[in-house]
A.B. asks: 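Handing you a structure now.
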Amino acid sequence: MTEPGRQAVVSVEHLSKHFGAGSARVDALIDINIEVPSGQVVGLMGPSGSGKTTLLNCMACILEPSGGRLTLDGEAVYDDHWLKADLRRLRLDKIGFIFQYPNLLPFLDATDNVAVVLHLAGLGAAAAHKHAVELLDYLEVGHRKHAMPAQLSGGEAQRVAIARALANRPRIILADEPTAPLDSARARIVMDLLRRIAIDQSAAIIVVTHDEMILDRFDHIYRLRDGRLETDELSRAPAGADH
Ligand SMILES: Nc1ncnc2c1ncn2[C@@H]1O[C@H](COP(=O)(O)OP(=O)(O)OP(=O)(O)O)[C@@H](O)[C@H]1O
């Protein structure tokens with residue numbers, strides 16, 4: 001929930017999404033309302049088929065909602081239709097993506113996996129390399145900067161992927177099961193890094209997860225069931241308060 005006077009970085013109002021029509025119609029999202037302020041990491045949970053990925057894809061402007069409103073970083077982007085012509089640009093400017101598997105380029109070392117994105121974003125090669133090393137240090141994986149993806153552990157590879165997702169300094173980070181392949185200790189390290197990023201970058205981070213071991217790492221948990229948000233949203237103490 002957004003505290004008074006604190007602007008939501010992600011605001012979803014009365015959002016709906018259906019697929020198909022007539023007897024084949026599936027109501028994947030029904031009247032969803034979510035607000036995520038800066039500095040918060042929120043979880044999106046629910047059984048298989050409850051609408052988590054559909055909601056994440058709508059927030060990412062990858063999937064067009066069927067109705068409602070979506071505001072990202074103070075900009076209205078959807079109000080019963082897209083309000084922005086260039087959704088690709090919007091994604092590049094505002095959103096970082098983290099996936100279940102890091103999807104690193106196997107023929108580039110850790111540094112170049114990050115630098116290539118910075119270079120695509122317009123930095124010169126030397127500046128991209130320097131900033132890539134800074135990002136790897138920030139993600140506490142700087143000591144592996146010369147390692148090839150095949151030489152990285154699952155947790156290290158995910159941290160390199162997170163460094164890559166930060167290349168455009170996004171205010172919004174959307175993560176789809178980022179800790180699924182990790183053991184509990186590594187999952188907690190990744191979640192603690194996401195928290196640090198949310199605070200340092202005034203970002204809003206939304207994590208789809210089934211991982212019960214990281215529940216205490218979220219500021220809020222939103223639970224979906226059959227396309228609806230359950231009303232008994234669990235409010236958690238800010239992570240870090242008790243450890
Ligand atoms: N492209 C599509 N066409 C038709 N139906 C779809 C499509 N995408 C999703 N659905 C349906 O929408 C509902 C929500 O699916 P969604 O993938 O968002 O669930 P989920 O909670 O992410 O599930 P999981 O945990 O298994 O990934 C499901 O009934 C699914 O079958």
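For ligands, and for the atoms within them, numbers begin at 1 and follow the listed sequence.
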A.B. asks: For ligand 1, which atoms, with element, lie under 4.0 Å from some heavy atom of Ser48?
C.D. replies: 23 (O), 24 (P), 25 (O), 26 (O)

A.B. asks: Do other residues, nucleotides or ligands put more than 12 heavy atoms under 6.0 Å from the NZ atom of Lys17?
C.D. replies: yes

A.B. asks: Strictly under 4.0 Å, does any heavy atom of Pro47 approach an atom of ligand 1?
C.D. replies: yes

A.B. asks: Counting each atom of ligand 1 from 1 as listed, which ones have a heavy atom of Ala28 under 4.0 Å away?
C.D. replies: 12 (O), 13 (C)

A.B. asks: Exactly one of Leu104, Asn103, Leu105 should register a side-chain contact (heavy atoms from CB on, under 4.5 Å) with Pro149. Which one does?
C.D. replies: Leu104

A.B. asks: Measuring only between side-chain heavy atoms, which start at C-beta, is Leu70 closer than 4.5 Å to Cys58?
C.D. replies: no

A.B. asks: Give the residue and atom name of whichever protein heavy atom lies nearest to atom 29 (O) of ligand 1, and the separation in Å to one decimal.
C.D. replies: Val26 CG1, 3.7 Å

A.B. asks: Going by the ring-ring contact (aromatic ring centres under 6.0 Å, His included) test, which pairs reach into residues 37-85, not counting sequence neighbours?
C.D. replies: Tyr78-Trp82

A.B. asks: Test of understanding: given a 4.0 Å heavy-atom threshold, classify the contact between Thr54 and ligand 1 as side chain, backbone, both, or neither.
C.D. replies: both

A.B. asks: Less than 4.5 Å apart, side chain to side chain, heavy atoms only: is that true for Thr209 and Met45?
C.D. replies: yes

A.B. asks: Sort and list the pairs that fulfil side chain to side chain donor-acceptor pair (under 3.5 Å) and have at least one residue in residues 121-133, not counting sequence neighbours.
C.D. replies: Lys130-Glu134, His131-Glu134

A.B. asks: What do you reckon, does Gly49 put a non-hydrogen atom under 4.0 Å from ligand 1?
C.D. replies: yes

A.B. asks: Is there a heavy atom in His210 that sits closer than 4.0 Å to ligand 1?
C.D. replies: yes

A.B. asks: Tell me which protein heavy atom sits closest to atom 1 (N) of ligand 1, plus the residue, atom name and distance to 0.1 Å.
C.D. replies: Phe19 CE2, 3.6 Å

A.B. asks: What do you think, any protein heavy atom under 4.0 angstrom from atom 31 (O) of ligand 1?
C.D. replies: no

A.B. asks: If you count the non-hydrogen atoms of other residues, nucleotides and ligands that lie under 6.0 Å from CZ in Arg196, is the total more than 12?
C.D. replies: yes

A.B. asks: Would you check whether Ser50 reaches within less than 4.0 Å of ligand 1, judged by its heavy atoms?
C.D. replies: yes

A.B. asks: Which heavy atom in Pro102 sits nearest to a heavy atom in Arg164, and how many Å separate them?
C.D. replies: O-NH2, 2.6 Å

A.B. asks: For atom 22 (O) of ligand 1, what's the nearest protein heavy-atom neighbour? Residue, atom name and distance, please.
C.D. replies: Thr53 OG1, 2.7 Å

A.B. asks: Would you check the N or O atoms of Gly51, main chain and side chain alike, for any that come under 3.5 Å of an N or O of ligand 1?
C.D. replies: yes

A.B. asks: Give a yes or no on this: more than 12 heavy atoms of other residues, nucleotides or ligands lie within 6.0 Å of atom NE2 of His119.
C.D. replies: no

A.B. asks: Of Lys52, Lys17, Glu177, which has the heavy atom at the shortest distance from atom 25 (O) of ligand 1?
C.D. replies: Lys52

